[in-house]
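Some notes on the structure that comes next.
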Amino acid sequence: MAFKVATSPHVTHNNQTSKVMLTVLLCAIPGFLAQCYFFGWGTLIQVLLAMITAILCEAFVVKLRKRDIKATLSDNSALLTGLLLGVSIPPLAPWWVIIIGTAFAIIMVKQLYGGLGNNIFNPAMAAYVLLLIAFPVQMTSWVVPNAIAQHPADLLASLQTVFSFGHPDVDWYRLGIDGSSMATPLDTLKIDLSMGLTTSESLTKAVFSSGVGVGWVWVNLGYLIGGLIMLKLRTIRWHIPVGVIAGLGIAATAGYLISPDTHASPIFHLFSGATMLAAFFIATDPVTAATSNRGRILFGVIIGVLVYLIRNFGGYPDAFAFAVLLANLCAPLIDYYIKPRAYGHR
Amino acid sequence: MRDNAEGILDGIEIIKRLVKPQRIVIAIEDNKPEAVAAMRQALSRYSVLAGNTRVTVIPTKYPSGGEKQLIQIITGKEVPTGAIPASQGILVQNVGTAFAIADAVQASIPLIERVVTVTGNAVSKPGNYWVPIGTPVSHLLQQCGFDINNSNQVIVGGPMMGYTLPLLDVPVLKGTNCILAPAISEFAEPAEARACIRCGECAQVCPAQLLPQQLYWHSKAEEYDKAQAYNLRDCIECGCCSYVCPSEIPLVEHYRIAKSAIRNQELEKHQAEKAKQHFEAKQKRLEDEKRHREERAKQAAAQRKVSMNAGDKDAIAEAMARIQAKKAAAQAGTAEPNAAVQDTNKSSQVAAAIARAKAKKAASAEPSAAGSSKNDQVAAAIARAKAKKAAAAQQHDLNSDNSVTAESADLDPKKAQIAAAVARAKAKKAAAQASATVTDASATKAPETTDSSDDKKAKIAAAVAKAKAKKAMQAQSLEDPAPVEAASPELDEAATKQAKIAAAVAKAKAKKLAQADIQVSQVTVQTTEANTGEDPEAAKKAKIAAAVAKAKAKKAAKLQDKE
């Protein structure tokens, strides 16, 4: 009888891309739940919308490219992109914002570059930047955290808000949702500092609680836990998250030591906005990151420092999308210059 | 090791005697404690090795069996790329090799059998067996209870680096350390490779600390130079990267393809280089041969020339003289030549030659000759033309009693030769210029023609004669300028004008000659000889000579016209 001829190795590790992606999705659950808890159903609606859009867009492009739709979709990468974009945009943003963003992420940023593994930029972050520039009002109208809101939006109200065509504030007012949309803690601090308030004065506002934004600290902690689980599972390596946190933390500490009145504390920076989400879930996207260990540390540090600079000196309150995209640009250069010394080479 | 620890130590001792190492390390992975114990026990009883030999337990971490990896684990040193461990003063040998050395040296048993591990779920009696080298794999598996229905592949070597056998009728070789017969369900079917997500797991596990994903990109894109820049050749094909790859990309396969492609490229390059060298060598050889040939030809030509100048010249001259004599004899039957001959006697010897020619012509055309007696030059012109014809027509007629013959015989051979040449040329020219008149040899036309053009013809004749004299001198006897000198005075008598023209023409001719190849001139000379000679194959040459002569004549005519 004829035997099967195969190339070595004849055994493989039970470790698949789809499983990697699924693990990442599952590890995002703690942070996601915290986000849902503090910011309502909107987050869930956005994530589901994003995921559905992502899968449809991916299937569409893959069909156009005459590839195996099932095999491509089964790698779960589209779902992850949807999740990351869904949790990034304001929970009660209109439905078309997230759909446009997700379609852009999947079609333009990912598939047009050749699909998974070939894209230069992180799809979710590129889409986020697109939305932020194209729809600044919708993208900066964050909801009031449920903990301090008098009339948090229930599921129905959230759905109505998301799927309406009007201005968010009008809808919210019509639906009796708390007052108006509200700036994020980062935004609030930035505005206050620009208005001449000191950091400590600004932090007395309702949106802050014990030095950090209400709810945001829990969201960040949730993502931190998920990230640590991923580290433990070896789904990701420590280099990028440590680089990001170290870069941001050191830069923030330096700024805070120089001028505490005009710079937020490192803790504030580390637990505000998208810090942990970005450090563990976004920046660690291997496709768009550097490849070597030292390169990845540098990649993370670049993101962290850029985030701090943009948060403090840039025009946008949170900066991870920009920082990640800029670092994506640097990745090939980093890979070119930072190569590990191969065995037997001096 | 558990069964033959003593034998292995014997082998180690022999190796020790051969290479005299400072230290001997027997490395055993920590999942084989019995082997460690057995070796340690045997070593403790083996006093010769006791001093600098130790058993080291190393972690079980693939691919620590690799020579370079083992060195790194034990010594912390790395073998430089492209070098062998011996460059670091390290020698790595298998325990099996040590045992075989002991067998060969102590018991004189050559390497005819080895231990083969037979394992996998498709065999019912897995184990380590002493197997004679050459045993068919099928037989070995059969002895181990191989269930062929529960197997779809048989691997020689381990699961990471072994190769599959397409069929089992192959022998066990001295490198066959393991035969792996997995059950069908044992190894997962390799899945379709998906896109690389650059996760970098491969780089984490690579024992050579390469960047497998970069190697993969470049290997796949056939950018082999870039793959080499990422140290592709340091890849030991251990399979770790393929093992961990979440996209199940057969990375090692890509590297093997790239490596063999690079090897082929290098081979082709090498062969092209060799072919180029061969070609260049051949070119050089051909050029050398050509040069040698040319040199030989030149030498031969020079020799020929020398011999012509020296020995042959006389012979040629004699032959020419003979021919001349014949011609003269053919023409001698007629009355008039005496006058011409007398004229020439008065003038120099060259003039005499010209006169001879004239005489011939005169002989063949009596009436015109009668007319020309008033003017030697007119007669000469006609005579020259006639001479040729007469020579051609009446060569066979060998009547000879003439004073001309005697005189020509009296002439110096060289001069005779020159004279002959001059005569021929003149004859030809005359033939070309006034062929109708001359060829007829009719009594009526000839005088008229000569009358009308006698001066011109005479001048031409003189010029050509000088030229010919010079040419002949240059071509054949540079060492003997006498004829030319002799020619000049002769011309003084004829006309000072003519002398000038002649000088000019002669110079032109001389120049032309100088430019022309020696061989050509020789050929010309030879053909000129042949023209008058009896040689049958000279017919062609004669024609050529005629053509050459005509050309010269034309040129002379042009010069003449200018004047």
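Values below: all heavy atoms of this structure, side chains included; hydrogens, waters and symmetry mates excluded. The sequence lines fix the lettering, A, B, ..., with proteins before strands; numbering per chain opens at 1.
Ranked by non-hydrogen atom pairs under 4.5 Å with chain A, the options B:P207, B:A203, B:P159 are led by B:P159. Here B:C196 is the residue among B:P182, B:A83, B:C240, B:C196 with the most heavy-atom pairs under 4.5 Å with chain A. Ranked by heavy-atom pairs shorter than 4.5 Å toward chain A, the options B:G162, B:S247, B:G158 are led by B:G162. Of the residues considered (A:A71, A:G117, A:S18), A:G117 shows the highest number of contacts with chain B, using heavy-atom pairs under 4.5 Å. Residue with the most contacts toward chain A among B:S242, B:P250, B:A195: B:S242 (heavy-atom pairs, distance under 4.5 Å). Between chain A and the options B:E237, B:Q153, B:R256, heavy-atom pairs under 4.5 Å are most frequent for B:Q153.
Of the inter-residue distances, the one linking B:L251 atom CG with A:T7 atom OG1 reads 10.5 Å to the nearest 0.5 angstrom. The distance from atom SG of B:C199 to atom CZ of A:R234, rounded to the nearest 0.5 Å, is 12.5 Å. The distance from the CG atom of B:L210 to the CZ atom of A:R341 is 11.0 Å, given to the nearest 0.5 Å. Here NE2 of A:H10 is found 6.0 Å from OG1 of B:T164. Values are rounded to the nearest 0.5 Å.
Looking at heavy atoms from C-beta onward, B:T81 lies out of side-chain contact with A:Y343 at the 4.5 angstrom threshold.
In summary, B:E201 and A:R237 engage in a salt bridge, as defined by a charged side-chain N under 4.0 Å from a carboxylate O. Salt-bridge formation is detected for the pair A:D335/B:R198: a Lys NZ or Arg NE/NH1/NH2 atom is positioned less than 4.0 Å from an Asp or Glu carboxylate oxygen.
Of all non-hydrogen atoms in B:M160 and A:S8, the two that sit nearest each other are O-CB, 3.1 Å. When all heavy atoms are compared, the tightest approach of B:N231 to A:A342 is ND2-CB, 3.5 Å.
Within 6.0 Å of OH in A:Y113 there are 12 or fewer heavy atoms belonging to other residues, nucleotides or ligands. Heavy-atom contacts from other residues, nucleotides or ligands closer than 6.0 Å to CZ of A:R65 number more than 12. Annotation: B:K32, atom NZ; neighbour count of heavy atoms from other residues, nucleotides and ligands within 6.0 Å is above 12. B:K259 NZ: more than 12 foreign heavy atoms inside a 6.0 Å radius. Within 6.0 Å of CZ on A:F60 lie no more than 12 heavy atoms contributed by other residues, nucleotides or ligands. Other residues, nucleotides and ligands contribute over 12 non-hydrogen atoms within 6.0 Å of the NE2 atom of A:H345.
Contacts between A:V20 and chain B at a heavy-atom distance below 4.5 Å involve the side chain alone, from C-beta outward. In this structure, chain A has a heavy atom under 4.5 Å from the side chain of B:Q204, while its backbone stays farther away. With a 4.5 Å cut-off on non-hydrogen atoms, A:N118 touches chain B through its side chain but not through its backbone. Contact of B:V79 with chain A is made through backbone and side chain together, with heavy-atom distances under 4.5 Å. Using a 4.5 Å cut-off between heavy atoms, B:C245 touches chain A through its backbone atoms (N, CA, C, O) alone. Residue B:E192: no heavy atom, backbone or side chain, is found under 4.5 Å from chain A. Contacts of B:I197 with chain A are made by both backbone and side-chain atoms, with heavy-atom separations under 4.5 Å. Proximity to chain A (any heavy atom under 4.5 Å) is shown, for B:K68, by both the backbone and the side chain.
A distance-only check finds a donor-acceptor pair linking the side chain of A:T17 to the backbone of B:P246 [under 3.5 Å].
No donor-acceptor contact under 3.5 angstrom links the side chains of A:S74 and B:R194, judged on distance only.
Geometrically, A:K339 engages B:Y230 in a cation-pi contact defined by less than 6.0 Å to the ring centre and at most 45° from the axis.
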